[in-house]
Amino acid sequence: MRRICGAALMAGLLAASPPVVACAAAQPGVKGSAADMNARATRFADRPPIAFGTAWYPEHWPEERWEKDLAWMEKANFNTVRIAEFAWSTMEPREGEFDFEWLDRAIAAASRHGMMVVLGTPSAAPPAWMTQRYPDVLRVDEDGVRATHGGRRHFSFASERYRMFARRIAEKMAERYGDNPNVVGWQIDNEIGPPSFGPEAEERWHSFLEQRYGTIDTLNERWATEYWSQHYNNFGQIPLRATGQHNPGLLLDFKHFTTATWTDYVQNQLDAIRAHADPRQFVTTNTMFWNAGFDHYELHERLDLASWDNYIQDADPDWIANGANHDLVRGYKQRNFWLMETQAGRVDWVPINRALAPGQVREMGWQAVQHGADAILYWEFRAARNGQETYYGTVLGQDGTPAPIFNEIAKLGGELREAMPALADTEPVYRMAMLFDYDSRWALDLQRLHEDFDPIREFTDFYRPFRLGSQGVAVLPVDAELSAYPLVVAPALNVVTASDAERLEAYVRGGGHLVLGPRSGMKDDANALWPQRQPGPLEPLLGAQVEQFYALDQPVKLTGAFGAGEAAIWAEWLSPEAEDVEVLARYDDPAGWLDKKPAILSRPVGRGRITYVGAWLQPDMMRRLAEKLMADEGIGPILSTDSDDVEIGARSGAGKTVLIAINHGDEPQPLRSPVGAERIAGTVTNGALPAHGVAVFRVDRDMLSTSKGATH
Ligand code: GLA
């Protein structure tokens, strides 16, 4: 029997295999369940299960105005504000001189209007008194140039002095607000990421490498430094600013180094907050989904919550890709997350800053909730009269009256309020999992071999048909507990360690179906080739190897038991070794080196199976393969739909299930409402979901378990 998380288990709406509800409490390294998270509150012991609100910068406005702005927030159905994240020069106008009285009043005013408060530490914006007196706190870029004052994120993540200042302001805030009953949580910094390359960073780099490898000989051996005479005599010789073509081992370790340095940077403020804050206040940092700067799994280990900032640059959301973004973030802690920022219409940093169409802001809000967001906060509330972002989309205009988007946001807020009792203590329903691994992503990006081999695009191309077919895909790190998932897909697990291989083998032998995509099992965690052919340490499990790989300048055709199609960008010639390896697809003839060679292999092992997909399949073929793999594992949709524009997903827990249907398209689409379900938000008109429409249903567990196939 595969392990399924006990209390959270519910049966599927279809006869297919039972869905897996996110097993937050059961995951290693996770401190509590979503229910525990909801208990984290002070005055808000009964706090709304979904936070809905905005970034508010009271320091931008005369105090007389605050009441009016907060009244508008109430009208928008907001219940949460995030304050202070860039207000360092207002909180500490001169070195060591603190002024928090305005913040006391802002928090009190917000709470009079029923707002929960999240406080941001201001370390993304060091004040001028500091950068002028202590220029060593400033960031140094890859060319050795120090940042100047006037923007933000101009600090060095390695500067001891900067960390001291950041810790002190975080500590002062925590001393003052750590037991404030209106403060529900903390956000450290803002969108951390750009590393610094100054002397302090260099020193940390050398000690990081020494800690990682112990001796310089080990490092030389793991990086194979005989190549081009790179041999190092001591750690102090190793360059930090490794621009141009450099050793892949060094380049991957640089990513490990930035991960360690950012984690430590965040920890510095986390310790200051934790020393004074009520443990029921959460601590998070807002991140940028696929940002390549650091390993987000590692950074989130000690934080209570993952939160992220979701912006649709061209205002033309690719709903499946955006769903993958949410799933990725939820996987950081395998727990519901906060959408700490999202756009109230348009952004201001792309060539054409188009606004989201009417209905799309609401649609994106429901999508976030469907994928496990327990908060939606808009950026930003009111257009600042000056500053770098005056043209951003906002909820109120600069004159303090509602922008056209206001009503749509207020409508979503009203719907969420109605749906909150149903959404409380629920988590997304997953029917399968995909693995996303930072080392693999970095290793591939560092040596793409085909300029279009973008590992995020490749991940998303795999994700697409699985999301459509299963309506619930967990995105997990490679060391996650996988036994709850009948199907686990790793689209390009380039870096595989011996212990990863052991865990994956145990998953397969225990009854799971592991699917590996092209370029899997090539490298170890020093970015060196495994001495055996791909998939390296997984070769014995697969009973086959990759004979050779080919970057493609034009698509190749292939044919399998599930039909014919094409692969582009990348194709591998697979070679079965064990007798029980099944060839699921072969390249057609003529395909040069690939003529008639196996392209997809599968092998039963123990109680499970391993499948290797050696090519980047084009969408049609990928979809057919995904459908076959899901059918083999008994995975079907939660609620069937005829249109790829319609997104279905569910959250479940505490004896109830909330089903969220979203039409992301421009035409109405038929929707078969689940039998006996209560519609708690949105509209279905003549059996159709309107264009950009949403319908939310509540069903109870009993109904689900007896509704085999009864989806209409
Ligand atoms: C980020 C920042 C915000 C704001 C938005 C605008 O998400 O966190 O302060 O600058 O970008 O896109």
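These numbers come from a predicted model, not from an experiment.
Between R163 and D264 the shortest side-chain heavy-atom distance falls below 4.5 Å. Side-chain contact between P58 and R105 is absent, with no heavy-atom pair separated by less than 4.5 Å. Between Y57 and F381 there is no side-chain heavy-atom pair separated by less than 4.5 Å.
At distances below 3.5 Å, not a single donor-acceptor pair connects side-chain atoms of S440 with backbone N or O atoms of F436. Not a single donor-acceptor pair under 3.5 Å links the side chain of E298 to the backbone N or O of T259. Side-chain atoms of R651 come within 3.5 Å of backbone atoms of V369 as a donor-acceptor pair (strictly under, hydrogens ignored). Not a single donor-acceptor pair under 3.5 Å links the side chain of R467 to the backbone N or O of T460. With K255 contributing its side chain and F294 its backbone, the two residues share no donor-acceptor pair below 3.5 Å.
Partners of T287 by side chain to side chain donor-acceptor pair (under 3.5 Å), not counting sequence neighbours: none found. Partners of F208 by ring pair (Phe, Tyr, Trp, His ring centres under 6.0 Å), not counting sequence neighbours, listed by chain and number: F257. For A158, the side chain to side chain contact (heavy atoms under 4.5 Å, CB included) test picks out S156, E200, A201, R204, with sequence neighbours left out. When the ring pair (Phe, Tyr, Trp, His ring centres under 6.0 Å) test is applied to W186, no partner is found at least two apart in sequence or on another chain. Every ring pair (Phe, Tyr, Trp, His ring centres under 6.0 Å) that F165 has, sequence neighbours left out, goes to W129, Y134. With sequence neighbours excluded, the residues that form a side chain to side chain donor-acceptor pair (under 3.5 Å) with S499 are T497. Take Y463 and apply the side chain to side chain donor-acceptor pair (under 3.5 Å) test, not counting sequence neighbours, and it matches D327. Legend: residues meeting side chain to side chain contact (heavy atoms under 4.5 Å, CB included) with E363, ordered by chain and number and at least two apart, are Q360, I662, H664, H692. Here H154 pairs with P126, T131, L138, A147, H149 under the side chain to side chain contact (heavy atoms under 4.5 Å, CB included) rule; sequence neighbours left out. Scored by the salt bridge (charged side-chain N to carboxylate O under 4.0 Å, His left out) test, D136 finds R161 as partners (sequence neighbours excluded). In this structure, the side chain to side chain contact (heavy atoms under 4.5 Å, CB included) partners of A433, at least two apart in sequence or on a different chain, are A474, L476, Y485, V488. Remark: F157 pairs with W262 by the ring pair (Phe, Tyr, Trp, His ring centres under 6.0 Å) rule, at least two apart or across chains.
Taking the six-membered ring for Trp and the full ring otherwise, the centers of F337 and H326 sit less than 6.0 Å from each other. Taking the six-membered ring for Trp, F459 and W290 have ring centres closer than 6.0 Å.
Looking only at atom types and distance, the side chain of Y265 has a donor-acceptor partner in the side chain of D189 under 3.5 Å away. Between the side chains of N310 and T342, no donor-acceptor pair of N or O atoms lies under 3.5 Å. In summary, the side chains of H256 and D439 do present a donor paired with an acceptor at a separation below 3.5 Å, with no hydrogens or angles considered. A donor-acceptor contact closer than 3.5 angstrom is absent between the side chains of Q187 and W338. Using modelled atom types, one finds a donor on one side chain and an acceptor on the other under 3.5 Å when comparing R417 with N77. Side-chain polar atoms of T121 and Q269 form a donor-acceptor pair below 3.5 angstrom. Counting only N and O atoms by type, the side chains of Y311 and E341 include a donor and acceptor under 3.5 Å apart.
Note on ring orientation: taking the six-membered ring where Trp is involved, the planes of F254 and F197 are parallel (angle under 30°, cut-offs 30° and 60°). A perpendicular orientation is assigned to the rings of W66 and W56, their planes being inclined by more than 60° (bins at 30° and 60°). Below 30°, between 30° and 60°, or above 60°: for F78 and Y378 the angle between ring planes is below 30°, a parallel geometry.
Under a cut-off of 6.0 angstrom, the local environment of CD in E389 is crowded, with over 12 non-hydrogen atoms contributed by other residues, nucleotides or ligands.
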| Steps toward side chain to side chain contact (heavy atoms under 4.5 Å, CB included) verdict (L339, H371) | CA-CA 11 Å; L339 197 58; H371 285 260; over 6 Å; no

| field | Stepwise side chain to side chain contact (heavy atoms under 4.5 Å, CB included) check, T261 with W205 | value | CA-CA 9 Å; T261 311; W205 166 237; over 6 Å; no

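For the pair A55 and W379, the tightest heavy-atom approach, listed with the atom from each and the gap, is CB-CD1, 3.5 Å. Closest approach of R274 and P279 over heavy atoms only: NH1-CA, 4.2 Å. Counting all heavy atoms, side chain and backbone alike, I376 lies closest to G365 at CD1-O, 3.4 Å. When every heavy atom of L252 is checked against every heavy atom of A443, the shortest pair comes out as CD1-N, 4.3 Å. Of all heavy-atom pairs spanning L423 and K656, the tightest one is C-NZ, 4.4 Å. Across all non-hydrogen atoms, the minimal contact from G96 to R168 is N-NH2, 3.5 Å.
Salt bridge annotation for D374-R335: absent, with no cationic side-chain nitrogen under 4.0 angstrom from a carboxylate oxygen. Ion pair E92/K172 not flagged as a salt bridge, since none of the NZ, NE, NH1 or NH2 atoms sits closer than 4.0 Å to an Asp/Glu carboxylate oxygen.
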